[in-house]
Amino acid sequence: MPLQDPTITHELFQLITQMSEDEKYTLLKLLKRGALKGKCRRQHFRKPLHIPVRCANKAGVSIGVTRDISLGGVFIILNRGVFSRTDSMGLFYRPSIEETAWITADVMRIASEGIGVRFRPMNEIQKTAVISAASTP
């Protein structure tokens, strides 16, 4: 499953093609007015993914495994490590290029099983690393 789920678009297309012209017009007006703005919790589609990752902060380096990833961030399962709402660094392995990419992220959520981080703005190499990692079967 890619980062943008084509089945969602397909399902929406099917529903829209079954609508009357009046329903399509009403839907279009609602969308143009921003009826969905602020209603969606996440900006990016998440994909389940289990790859090793290293997180570094002022307390040191922790090794974990990703649970899911999106272009916006990643949830990392950790056995231990000291994290707060400080910056962390994610280390992603890029199997096709055999390199690593450090991505700066902010800790957004701390749970008993790990941390959820939001990526800071990424350059093209970092975006490619995330997409490459998420494209692995």
Side-chain angles (χ1 to χ4, degrees):
M1 188 182 306
L3 286 178
Q4 294 298 327
D5 189 355
T7 58
I8 294 171
T9 303
H10 179 73
E11 191 172 340
L12 282 169
F13 181 77
Q14 284 183 322
L15 290 170
I16 291 170
T17 57
Q18 294 169 6
M19 290 178 164
S20 70
E21 288 302 311
D22 188 48
E23 289 172 321
K24 290 176 190 175
Y25 180 73
T26 301
L27 177 62
L28 181 61
K29 282 188 348 188
L30 288 169
L31 291 174
K32 282 185 173 181
R33 272 192 268 153
L36 297 179
K37 297 287 185 210
K39 304 275 189 223
C40 301
R41 184 170 169 223
R42 305 204 184 283
Q43 182 179 359
H44 301 284
F45 174 76
R46 287 181 167 199
K47 179 187 179 204
L49 179 70
H50 303 282
I51 60 170
V53 64
R54 290 185 187 171
C55 305
N57 65 5
K58 292 177 184 175
V61 177
S62 297
I63 297 173
V65 176
T66 62
R67 182 178 73 192
D68 54 53
I69 191 168
S70 76
L71 286 175
V74 63
F75 189 89
I76 303 165
I77 300 168
L78 296 166
N79 288 334
R80 58 186 164 83
V82 179
F83 289 92
S84 61
R85 289 194 171 254
T86 61
D87 296 340
S88 62
M89 299 289 285
L91 175 66
F92 293 93
Y93 177 65
R94 291 167 45 182
S96 61
I97 302 174
E98 296 182 15
E99 294 179 9
T100 56
W102 283 95
I103 300 172
T104 307
D106 296 313
V107 176
M108 302 305 293
R109 184 169 83 98
I110 301 170
S112 59
E113 69 273 17
I115 58 171
V117 300
R118 179 174 56 199
F119 298 136
R120 287 189 176 180
M122 296 183 284
N123 62 33
E124 288 305 311
I125 292 171
Q126 292 166 323
K127 286 180 189 174
T128 301
V130 171
I131 292 169
S132 173
S135 299
T136 58

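Residue indices begin at 1 and follow the sequence shown.
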Study note, to complete from the structure: Residues passing the side chain to side chain contact (heavy atoms under 4.5 Å, CB included) test with K29, sequence neighbours excluded, are Y25, R33
Point to revise | Least distance between heavy atoms, A111 atom then F75 atom | key: CB-CZ, 4.3 Å
Review point. Could you state the interatomic distance from NZ (K24) to CE (M19), rounded to the nearest 0.5 Å?
Key: 9.0 Å
Check your understanding: Can you check whether L15's main-chain N or O pairs, donor with acceptor, with Q18's side chain at less than 3.5 Å?
Key -> no
Check your understanding: Can you tell me how far the CG atom of N123 sits from the CD1 atom of I103, to the nearest 0.5 Å?
Key -> 8.5 Å
**Study point:** Heavy-atom pair with the smallest gap, counting every atom of I76 and G64
**Key:** CG2-CA, 4.2 Å
Check your understanding: Do you know the tightest heavy-atom contact between V130 and L71?
Key -> CG1-CD2, 4.1 Å
Check your understanding: What pairs with L28 under side chain to side chain contact (heavy atoms under 4.5 Å, CB included), at least two apart in sequence or on another chain?
Key -> K32
Check your understanding: Between V53 and V74, is any pair of side-chain heavy atoms under 4.5 Å apart?
Key -> no
**Study point:** Side-chain (T104) to main-chain (R120) donor-acceptor, under 3.5 angstrom
**Key:** no
Check your understanding: M122 and K127: which non-hydrogen atoms are nearest, and at how many Å?
Key -> O-CE, 3.6 Å
Review point. Are F119 and I131 connected in the hydrophobic side-chain network, where two residues link if heavy atoms are under 4.5 Å apart?
Key: yes
Check your understanding: Where the side chain of S62 meets the backbone of C55, is there a donor-acceptor pair that is under 3.5 Å apart?
Key -> no
Practice item. Tell me, please, which residues at least two apart from E23 pass salt bridge (charged side-chain N to carboxylate O under 4.0 Å, His left out). Key: none
Study note, to complete from the structure: Taken to the nearest 0.5 Å, the spacing of I51 CD1 from L49 CG works out to 4.5 Å
Check your understanding: How far apart are the closest heavy atoms of A56 and V61, and which atoms are they?
Key -> CB-CG2, 4.0 Å
Review point. Out of curiosity, T17 OG1 to L12 CG, how far, rounded to the nearest 0.5 Å?
Key: 10.5 Å
Study note, to complete from the structure: OG1 (T26) and CD (E21) are apart, to the nearest 0.5 Å, by 11.0 Å
Exercise for review: Looking only at non-hydrogen atoms, find the nearest pair between I63 and R54 and report the distance.
Suggested key: CG1-CG, 4.0 Å
Review point. Rounded to the nearest 0.5 Å, how far does CG of L78 lie from OG of S112?
Key: 11.5 Å
